[in-house]
Amino acid sequence: MNDLPSHDPNRCRVIGVLDDGVASLGATALAHLRTADVVIGGARTLALLRHTLKPGAFTHDLTGQLKAVPGWVRAAREAHQACVVLATGDPLCHGIAPYLAQHLCLDALEILPNLSTLQLACARVGLAWQDARIVSVHAADAGEWLRGAPPSHGLYALAQALRAEQRLLLLTSPANSPDRIARLLLAEGLGSDFHMAVAENLLQADEQVHAQLSPTEAASMRFAELNVVLLWRTRPRPHPVRFGLADSAFEQRQPEKGLITKQEVRAVSLARLQLRADSVVWDIGAGSGSVGLEAARLCPQGHVFAIEKNEADHAIARRNHAAFGVSNYTLQHGKAPEGLEDWPEPDAVFIGGSGGELARLIEQVLERLRPGGRLVMNFVTLENLATATQALQSLNADWDVLQLQAARSRPILHMHRMAAENPVWLVCAGVGPMGHRQTEPLVAEETAHG
């Protein structure tokens, strides 16, 4: 909003207000408010300032009517009326100003910010906030946070930010209250990692600041409806390995270990999935969860949806999830393709097990993959390899096959030998050219090289 033109004689003023009402306003903001013909704001803010408005000023309560506000502003300007929109704190910090700027010409607005309630809360506890992450959980009530909740949950953004940030400043809502936030921390195993402060009813007679709270204490408390929450780490943020973990990093089936995509195959499979930071990933036949959990670390702004039909393996994958420190992973107990219709379209799909539904799965996955998406499948039997390639051929898909066979050193007396792992076929298919297929007959290549 640099170089805002001054020739518009009747811009709508968006004024930040705090809960001490008139006392929070500067001279310029107060003058605009006192001369306004139309004043738009929430019921509580309008009540704070009703004695300041000029006689005959018309008010609009925007509570539950956000979509109507641009129309009210346009109508006032067309009638050459002075219009003011009241916001809480800084209108550009999770406030109404960006919404109005999106729906009205920028030249139609003048923004007069106030202190943010988050700034005030930080001042109360002496917390430096220049490097803090601001997160709003002022969302619809999606219930208590459960580990593995999908991105649609109102606390999802907070769960992800907790893994990445040292300090967080939270704008709450009546449903997503401080005690619910504390229970999220406990559910994610972060109860000992963060200190918590809650500021209630700032700038009001009954203001109260709880500056010395642990998540365990806050989880069973009740707080005033008007509050903000501050979180800061009490122990360093971990920096785990993101890619290529050893097989021993994952719990596996006992007494017979091995239902895991081995490290070498896992690394190549993840590379062939062409993951991005925000990829949506499906892991079908999750087994121990190794591929999906590594993918979750590689896609911190994305999400992994995993499914496993075997009850014992599903329990193992759940325990690996609990130990892995990721919040962008949802694990489902079931047999694909049942349940996949509720998952969002993927950018990448890994199939480690198909439960006898391989051809059907391949067809459904290719129908759902986003443009540029990749499907990677692992097989150890010739029969499944044949089923997959025949299905891809019949669908006229672009695909290729990569065979991997690793050998690992093993001690023998005072020396070492190489012990071969079972060969694995990686079948890769995509939406759009794969760039790996042989396009010329092999004989032509041999001829070209003499």
Side-chain angles (χ1 to χ4, degrees), residues 8 10-26 28-106 108-118 120 136-142 154 170-177 199-207 223-228:
D8 188 329
N10 190 28
R11 286 179 289 172
C12 172
R13 272 76 188 196
V14 184
I15 298 176
V17 182
L18 296 174
D19 282 339
D20 54 351
V22 172
S24 70
L25 298 179
T28 302
L30 191 56
H32 287 308
L33 181 61
R34 284 173 169 163
T35 58
D37 301 304
V38 176
V39 180
I40 302 167
R44 183 169 56 86
T45 308
L46 289 172
L48 278 173
L49 299 170
R50 65 182 183 276
H51 297 303
T52 310
L53 307 184
K54 75 176 186 180
F58 188 85
T59 59
H60 289 286
D61 182 358
L62 59 74
T63 306
Q65 300 194 75
L66 181 62
K67 291 182 179 179
V69 176
W72 293 339
V73 174
R74 288 192 193 96
R77 282 168 46 78
E78 289 170 1
H80 304 289
Q81 295 175 311
C83 181
V84 163
V85 175
L86 300 174
T88 300
D90 186 344
L92 289 167
C93 180
H94 292 279
I96 196 173
Y99 177 80
L100 291 178
Q102 180 182 358
H103 290 84
L104 299 167
C105 176
L106 285 175
L109 302 177
E110 180 182 0
I111 298 169
L112 288 79
N114 212 316
L115 291 174
S116 166
T117 53
L118 296 173
L120 288 172
S136 173
V137 294
H138 200 83
D141 184 2
L170 310 183
L171 296 164
T172 63
S173 68
N176 293 326
S177 53
E200 303 176 286
N201 296 326
L202 285 166
L203 297 176
Q204 298 183 59
D206 55 349
E207 174 183 311
F223 300 90
E225 187 171 299
L226 298 177
N227 66 76
V228 293

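Tested against L86, the residues I96, I40, L49, T59 include a single side chain to side chain contact (heavy atoms under 4.5 Å, CB included) partner, L49. A side chain to side chain contact (heavy atoms under 4.5 Å, CB included) with T52 is found for one member of V39, L33, L25 and no other, namely L33.
The backbone N or O of A43 sits less than 3.5 Å from a side-chain atom of D61, completing a donor-acceptor pair. Here the side chain of D141 pairs no donor or acceptor atom with the backbone of A175 at under 3.5 angstrom. Side chain of R34 to main chain of A31: no donor-acceptor pair is present (N/O by atom type, distance under 3.5 Å, no hydrogens or angles).
Atom OG1 of T88 and atom NE2 of H94 lie 13.5 Å apart (nearest 0.5 Å). Here OG1 of T35 is found 7.5 Å from CG of D37. Values are rounded to the nearest 0.5 Å. With rounding to the nearest 0.5 angstrom, the CZ atom of R13 is 4.5 Å from the CD atom of E110. For the atom pair CD (Q204) and CG (L48), the distance works out to 7.5 Å, reported to the nearest 0.5 Å. Atom OG of residue S116 and atom CG of residue L202 lie 9.5 Å apart, to the nearest 0.5 angstrom. Note that CD of E207 and CG of L226 are 11.5 Å apart. Values are rounded to the nearest 0.5 Å.
Of all the heavy atoms in I15 and A29, the pair that sits closest is CD1-O, 3.6 Å. In plain terms, the two heavy atoms of S173 and H138 that are nearest each other are CB-ND1, 3.4 Å. In terms of heavy-atom proximity, A139 sits nearest to G154 at CB-CA, 4.1 Å. Scanning both residues, G41 and L46, for their nearest heavy atoms gives O-CD1, 3.4 Å. The heavy-atom pair separating V85 from C12 by the smallest distance is CG2-SG, 3.7 Å. A pairwise comparison of heavy atoms in G89 and P91 identifies O-CD, 3.3 Å as the closest pair.
The aromatic rings of F58 and H60 lie perpendicular to each other, with more than 60° between the two planes, well past the 30° mark.
For the pair V228 and L120, the minimum side-chain heavy-atom distance is 4.5 Å or more. Side chains of D19 and N201 form no contact here, defined as non-hydrogen atoms less than 4.5 Å apart. Side-chain atoms of L92 and P113, non-hydrogen and from C-beta on, never get closer than 4.5 Å to each other. Here the side chains of L66 and Y99 are in contact, with some heavy-atom distance below 4.5 Å.
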Any chance you could lay out the side-chain contact (heavy atoms from CB on, under 4.5 Å) test for S177 and T172, step after step, and finish with the verdict?
-> CA-CA 6 Å; S177 53; T172 63; 6.0 Å; no

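Within 6.0 Å of NE2 in H103 there are more than 12 heavy atoms belonging to other residues, nucleotides or ligands.
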